[in-house]
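To find a chain, count down the sequence lines: A is the first, B the second, and so on, and within it residues start at 1.
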Amino acid sequence: MIENLVIVESPAKARTIEKFLGKDFRVISSFGHIRDLAKKNLGIDIEKDFEPVYEIPGEKTKIVTELRKAASGARNIWLASDEDREGEAIAWHIAGVLGLDLATTKRIVFHEITRDAIATAIGNPRTIDMNLVNSQQARRILDRLVGFEISPVLWKKVQPALSAGRVQSVAVRLVAEREREIISFKPESAYRVTSVFRTGETDNSGDVIRAEASKRFPAAEEAEKFLELCSSAQYNVENVIVKPGTRSPAPPFTTSTLQQEAYRKLGFSVAQTMTVAQKLYEAGKITYMRTDSTNLSKLALATLRETIISEYGQEYSKTRQYATRTKGAQEAHEAIRPAYPANPSIQGSQNEKKLYDLIWKRTIASQMADALVEKTTITVGMDNSPVKFTATGEVVKFHGFLKVYAESSDQENGDEEKNLLPPVKKDMPLYYNVVSAVQKFTMPLPRYNEASLVKKLEELGIGRPSTYAPTISTIQNRGYVLKEDRPGEKRQISVYTLEKGKISHSVKNEISGKEKSKLFPQDIGMIVNDFLVENFPEIVDYNFTADIERQFDEIALGKLKWTGMLKKFYAPFHKTVESTLEKKHRKAAVRFLGNHPETGEPVTVRMGRFGPVAQIGSSEDGNKPRYASLTHDQLIETISLEEALRLFTLPRTLGSFENEEVVVGKGKFGPYIRHKGKFYSVKKGVDDPYSLTMERAIQIINEKNEAEKKKVVREFGDILLLNGRYGLYLSKDKKNYRIPKGTDTDNLTREECEAIIERSEKKKK
DNA sequence: CAGTGAGCGAGCTTCCGCTTGACTT
């Protein structure tokens, strides 16, 4: 019989806490929730006042058995799940499953994982807060109602296997609406004039100052006229303003800000960031990685202070506590920080090292002094125009936190040059070296990447740290959005240059709209979003979550009854579901692009059984229509007739190589080259199947065959030992077999290979 | 592994929020 059993959510936390508690305590974990609404059907008895039907999911039966066993052998049970709505519900479910008395079961919470905090928690047990539990039940049931009532409407009205939900549907909406803004965006251009001045009277003498004109010129003629004025103007320094300023560090990481910075600085996807962070957490290198709090424990603050003072000196230290501003933050955990701030680096994989380094620097910087800067603005006037030129420069007088870490920005090309300015005095004459007027186009708002979409969701209070990464995956898995790179388009820009009294004109090429790892909506995402916005506007409203969160808070405070809240929500919601189902099935919208230039047949695009499709001709004309799938970077609403017609040019024969036809086409797995019955993938973003040449095709064929030869480590007749993504494996008759751990692959014989294959085949059966 | 686009019908799909492995041929 053990004296005390403490149940927490995470096994890593259990290990840490057990160390602090001593031998009278055993600490085990529930691995999160152990009970949930029934998987089959709705799992809610609406008639009985929304009575939930709970069950233990299959994958949780093992842990529940262990919990029961541990509980039966313990004198006292302490439920120590996290201090938030979900944690309270977890404690309640555990109590229910273990048959504990709610009136006496001890509920404790840790605000941070330190010896003091744990001792305080043990000394101040309370009972389970049923108001908080009920607010969780309301949240859970509402999400189930929304998801399980709207999704079937989509199956009937749009397409099978689609999904809708309070969180994912808003995520899709954000991406879809941003795309429409970009589609309708009309770029405008204006000429930005910059000048390189010198302080010396003769050519190339004195110091140099780069400055920008206060005015932009919409038309080329105006820009040219201004350059003429510049040519004959007398310049002088009208004003020099020196202003001191400060810059402050960013707060320590939460899940969302970690995902953003890991994306910007390391190029990690949000899922990758979480996987690496999980590893660091399990190894005891960082604190918990699913958090919405910027809070640091007192102990951490003290250690950080010591580390900073010893590494950088007293003047670099400034202890700060950051307030969390995020909507709906529950702050059950600390910010994400190094477990031991004195360690600036760790052992581990490359990615673990990089992410740890980021977390360490951000945390350290958050406790450092402000940077002191001096911003200088020089205004240059001209005697023949009211236009002024300004030059700004910034000098860092004291680095403070900048010595360790500076946050990146989402803006890719908005960074202004911050250069050092030479000492100049008011009324000093200046002379130009070169003045240039460069055509600048306005840009639409940028598309979302995974991390910036998470940031936006967090701002709207939608989703939780534990669901950001899964939500981003869901909307991609459903095919609503696609993450990819796009090359952008060439654009010509006009440049006028004034040098030594002469104005010259040139045209430069610029790439505009280049995208890297951005989220692009797909047709099905656009269609589902339009359907939801039309039929369920209140559910996909950006403020829906915030509104119901306020009600959940009231339930948690005991001011609102949870069943009443659900009733009030469900009555009109369910009515909308029913009326939407009764509405006439809206036929998939067909967009007419024009007539075929040669045959005159109609060319249309629409959503087909297998996705968006272009069609030449109509079955009503008696002829069999021709079909071609749209590519993932084309949308039904924007594709042009020319683009649609081009889809029908594949497959095409390039010619003959080694006496066999070389055909380029597009298949289930993207564009391919076929030769001698073998398929060769055409790499996305490198080659374009529509313009691929015979020469390049042969190159691809040869390269692939070469690479395949290298894959073969050894041959045993028809059995091959190959080197693959996960290491060595065996291949026979186009089937692959894993090699058991501990096999001596250097001295493998044919007999051993046969045995491995035989055993593997038997296992399958 | 390498595109489909006729039609019918049975059976299935789906939410959000807590947690980690198991496993890759």
Are OP1 or OP2 of B/dT20 and a side-chain N or O of A/Arg290 less than 4.0 angstrom apart?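 Affirmative; the distance criterion is met.
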Would you mind reading off the distance between A/Arg609 atom CZ and B/dT4 atom C1', rounded to a whole angstrom?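 For the pair A/Arg609 CZ and B/dT4 C1', the rounded distance is 7 Å.
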Centroid under 5.5 Å and tilt under 30°, A/Tyr627 to B/dT4: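 Taking the rule of under 5.5 Å and under 30°, the ring of A/Tyr627 does not stack on B/dT4.
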Nearest whole angstrom, please: distance from the C1' of B/dC16 to the CG of A/Asp143.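 To the nearest whole Å, that distance equals 5 Å.
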Length of the line joining A/Arg464:CZ and B/dC18:C1', which is rounded to integer Å: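 So the CZ-C1' distance, A/Arg464 to B/dC18, works out to 10 Å.
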Just how far, in rounded Å, is P of B/dA2 from OH of A/Tyr680?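 Rounded to whole Å, this separation is 15 Å.
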Taking any heavy-atom pair under 4.0 Å as a contact, classify A/Arg139: base, sugar-phosphate, or nothing.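 Base contact.
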Using a heavy-atom cut-off of under 4.0 Å over every strand shown, decide if A/Gly165 touches base, sugar-phosphate, or nothing.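 It contacts sugar-phosphate atoms only.
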Of the listed nucleotides (B/dT14, B/dT4, B/dT13), which one gets closest to any side-chain atom of A/Phe610?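 Closest nucleotide to the A/Phe610 side chain: B/dT4.
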Taking any heavy-atom pair under 4.0 Å as a contact, classify A/Pro152: base, sugar-phosphate, or nothing.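 The answer is base, as A/Pro152 lies within the cut-off (heavy atoms under 4.0 Å) of a base atom.
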Classify A/Gly665 by what it touches in the nucleic acid, base, sugar-phosphate, or nothing, heavy-atom distance under 4.0 Å.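 Counting heavy atoms under 4.0 Å across all strands, no contact is made by A/Gly665.
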In terms of side-chain heavy atoms of A/Pro11, which of B/dC16, B/dT20, B/dA2 is nearest?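 Of B/dC16, B/dT20, B/dA2, B/dT20 is nearest to the side chain of A/Pro11.
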A/Arg646 to A/Tyr690 six-membered ring, cation-pi geometry met (6.0 Å, 45°):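 Here A/Arg646 passes the 6.0 Å and 45° test against A/Tyr690.
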Examine A/Arg173 relative to A/Tyr542 and say whether NZ or CZ is less than 6.0 Å from the centre of the six-membered ring and inside a 45° cone about the ring axis.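 Judged by the rule, A/Arg173 and A/Tyr542 form a cation-pi pair.
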Compare every heavy atom of A/Leu532 with every heavy atom of A/Ser169, then report the nearest pair and how far apart it is.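 Minimum heavy-atom contact is OG-CD1, 3.5 Å.
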Give A/Gln168 one of three labels, base, sugar-phosphate or nothing, depending on what nucleic acid heavy atoms sit under 4.0 Å from its own.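 The answer is sugar-phosphate, as A/Gln168 gets under 4.0 Å only of primed atoms, P, OP1 or OP2.
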Starting from P on B/dC15, measure out to CD1 on A/Ile539 and report it in whole angstrom.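 From A/Ile539 CD1 to B/dC15 P: 15 Å.
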Between A/Arg107 and A/Glu88, is there a salt bridge with N-O shorter than 4.0 Å?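 Salt bridge present between A/Glu88 and A/Arg107.
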Using a heavy-atom cut-off of under 4.0 Å over every strand shown, decide if A/Ser629 touches base, sugar-phosphate, or nothing.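 Base contact - A/Ser629 has a heavy atom under 4.0 Å of at least one base atom.
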To the nearest angstrom, how far is A/Phe31 atom CZ from B/dG17 atom C1'?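 Value for this atom pair: 17 Å.
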Let me know the distance between CG of A/Leu37 and C1' of B/dC18, rounded to the nearest Å.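 It works out to 14 Å between those atoms.
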So, taking the atom named CD1 in A/Ile28 and the one named CD in A/Glu18, what distance separates them when rounded to the nearest 0.5 Å?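 If I round to the nearest 0.5 Å, the distance is 9.5 Å.
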Across the strands shown, which category fits A/Val613 at heavy-atom distances under 4.0 angstrom: base, sugar-phosphate, nothing?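 Since a base atom lies under 4.0 Å of A/Val613, the category is base.
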Rounded to whole Å, how long is the line connecting atom CG of A/Leu647 with atom C1' of B/dG3?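 The answer, rounded to whole Å, is 13 Å.
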